[in-house]
Number of protein chains: 2
Amino acid sequence: MKSRTTCCRDLEKWLEPDTFRALGEPSRAALLMLLAGTPGPRTVGELAAELPIDLSVVSRHLKVLKDVGVVTAERRGKEVRYRLACGDLVHMLRNLADALESCCPTAAIELEVRR
Amino acid sequence: MKSRTTCCRDLEKWLEPDTFRALGEPSRAALLMLLAGTPGPRTVGELAAELPIDLSVVSRHLKVLKDVGVVTAERRGKEVRYRLACGDLVHMLRNLADALESCCPTAAIELEVRR
DNA sequence: CCTATATTTGCACTATGGCGCACATATGCA
DNA sequence: TGCATATGTGCGCCATAGTGCAAATATAGG
């Protein structure tokens with residue numbers, strides 16, 4: 001059994017508002033879907049061609065996603081290839097799920113909420 | 001050709017911008033931490049007492065979190081007890097991680113090697 | 001050096017949303 | 001009924017941020 005005051009330190013570590021705010025914007029979520037939908041990297045122009053927003057806006061969204069570590073960018077000549085940081089993202093989500101689970105003994109809560 | 005839409009259907013299902021936008025607000029993230037830090041439900045007043053924002057704002061934040069299914073509310077006399085929907089949240093995070101992993105090139109390779 | 005292509009950035013506009021205050025609503029109790 | 005406590009809501013203020021356009025930057029090729 002863990003102490004109540006220290007049980008959620010991991011939660012604080014993985015529940016980063018900046019990351020979730022980045023994922024919470026519809027255009028950026030669409031970008032993630034596009035990046036996840038095809039193997040290999042994609043350029044800004046390719047991504048912008050499939051979204052109803054300006055290319056400059058796509059570029060800015062990709063910067064936001066890159067700043068929180070959700071995507072990575074690699075310059076290749078004139079183009080910049082963005083790819084999903086899939087491993088890191090999956091790692092973060094699983095760690096957050098584990099932290100939440102350790103904080104929330106659902107069985108105990110169910111017992112306490114009896115009537 | 002849009003074959004990519006077939007491999008990430010689950011991703012689209014679990015990557016809901018509304019949920020992540022709710023989690024991406026610092027005050028709401030703090031509320032989640034408070035709810036996760038102690039077992040059992042907490043009232044609006046209790047939560048507001050630990051945050052530097054007005055109680056009415058806390059009430060609104062809790063409504064946002066409730067609307068996306070991250071917390072649940074139960075009226076108990078004059079009070080309303082909010083508690084973290086921990087199971088659902090963990091379930092969503094794990095499913096999203098699985099969906100992302102299935103979309104990852106490396107994961108796809110591993111899946112094929114495994115067969 | 002000049003041009004073409006790809007991406008980023010400056011700028012202004014606008015929409016969204018967090019915030020506090022005042023007030024309304026809900027519930028319990030005398 | 002009347003009052004006290006707890007929570008939700010209407011309203012306006014203001015900061016943040018998404019958007020498009022145009023200019024600036026980066027890179028490759030002639």
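Quick note on labels: first sequence line is chain A, next is B, and so on, each numbered from 1. Given the structure is predicted, the values throughout are model-derived calculations rather than measurements.
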request  = Give the rounded distance in Å between these two atoms: CZ of B:Arg76 and P of D:dT7.
outcome  = 14 Å

request  = Select one nucleotide: of C:dT7, D:dT19, D:dT7, the one nearest the side-chain heavy atoms of A:Glu79.
outcome  = C:dT7

request  = Using a cut-off of strictly less than 4.0 Å, decide whether A:His61 has a side-chain nitrogen or oxygen near OP1 or OP2 of D:dA17.
outcome  = no

ask   = Whole Å only: how far is the CG atom of B:Asp67 from the C1' atom of D:dG8?
value = 13 Å

key: Integer-rounded Å distance: D:dT19 C1' and A:Glu25 CD   = 10 Å

Residue-phosphate contact under 4.0 Å: B:Arg75 side-chain N/O, D:dA6 OP1/OP2 = no

ask   = Parallel, tilted or perpendicular for A:Trp14 and A:His91, by the 30°/60° rule?
value = perpendicular

task = Specify the separation, in whole Å, of atom CD1 of B:Ile53 and atom C1' of C:dC21.
result = 15 Å

request  = Determine: side-chain N/O of A:Ser27 to OP1/OP2 of D:dT19, distance under 4.0 Å, yes or no.
outcome  = yes

query = Within the side chain of B:Glu79, is there an N or O that forms a donor-acceptor pair under 3.5 Å with the backbone of B:Arg76?
reply = no

task = Measure from the side chain of B:Arg28, starting at C-beta and using heavy atoms only, and say which of C:dT7, C:dG18, D:dG8 lies closest.
result = C:dG18

query = Do any N or O atoms from the side chain of B:Arg81 and from the backbone of B:Thr43 form a donor-acceptor pair under 3.5 angstrom?
reply = no

query = Can you check the B:Leu55 CG to C:dC19 P distance for me, whole Å?
reply = 13 Å

query = Rounded to the nearest Å, what distance is computed from the NZ atom of residue B:Lys66 to the P atom of nucleotide D:dT7?
reply = 13 Å

Distance, rounded to the nearest Å, where B:Lys63 contributes NZ and C:dG18 contributes C1' = 16 Å

request  = Taking only the side-chain heavy atoms of A:Lys78 (C-beta and beyond), determine which of C:dG18, D:dT27, D:dT19 contains the nearest atom.
outcome  = D:dT27

query = Is the shortest side-chain N/O distance from A:Tyr82 to OP1 or OP2 of C:dA6 below 4.0 Å?
reply = no

Given DNA chain D, 5'-ward residue of the pair B:Val58 and A:Asp54, judged by closest heavy atom = B:Val58

request  = Report yes if at least one side-chain N or O of B:Arg21 is closer than 4.0 Å to OP1 or OP2 of C:dG17; otherwise report no.
outcome  = yes

message = Working note: B:Arg42 + B:Leu35, criterion side chain to side chain contact (heavy atoms under 4.5 Å, CB included); need CA distance, chi angles, decisive distance, verdict.
response = CA-CA 7 Å; B:Arg42 312 201 62 182; B:Leu35 287 172; 4.1 Å; yes

ask   = Okay, side chain of B:Arg60, backbone of B:Lys63: is any donor-acceptor separation there less than 3.5 Å?
value = no

key: Minimum-distance nucleotide to A:Arg60 side chain [options: C:dT7, D:dT19, C:dT8]   = D:dT19

task = State whether the distance check finds a donor on one side and an acceptor on the other, under 3.5 Å, for side chain B:Ser56 versus base C:dC19.
result = no

task = State which of D:dG20, D:dT7, C:dT7 makes the closest approach to the side chain of B:Thr43.
result = D:dT7

inquiry  = Rounding to an integer number of Å, can you tell me how far A:Leu62 CG sits from C:dT8 P?
reply    = 7 Å

message = Categorize B:Pro26 for me: base, sugar-phosphate, or nothing, with a 4.0 angstrom heavy-atom threshold over every strand shown.
response = nothing

ask   = Contact class for B:Val57 vs. all strands (heavy atom < 4.0 Å): base, sugar-phosphate, or nothing?
value = base

Main-chain N/O of B:Leu31 paired with B:Arg28 side-chain donor or acceptor, under 3.5 Å = no

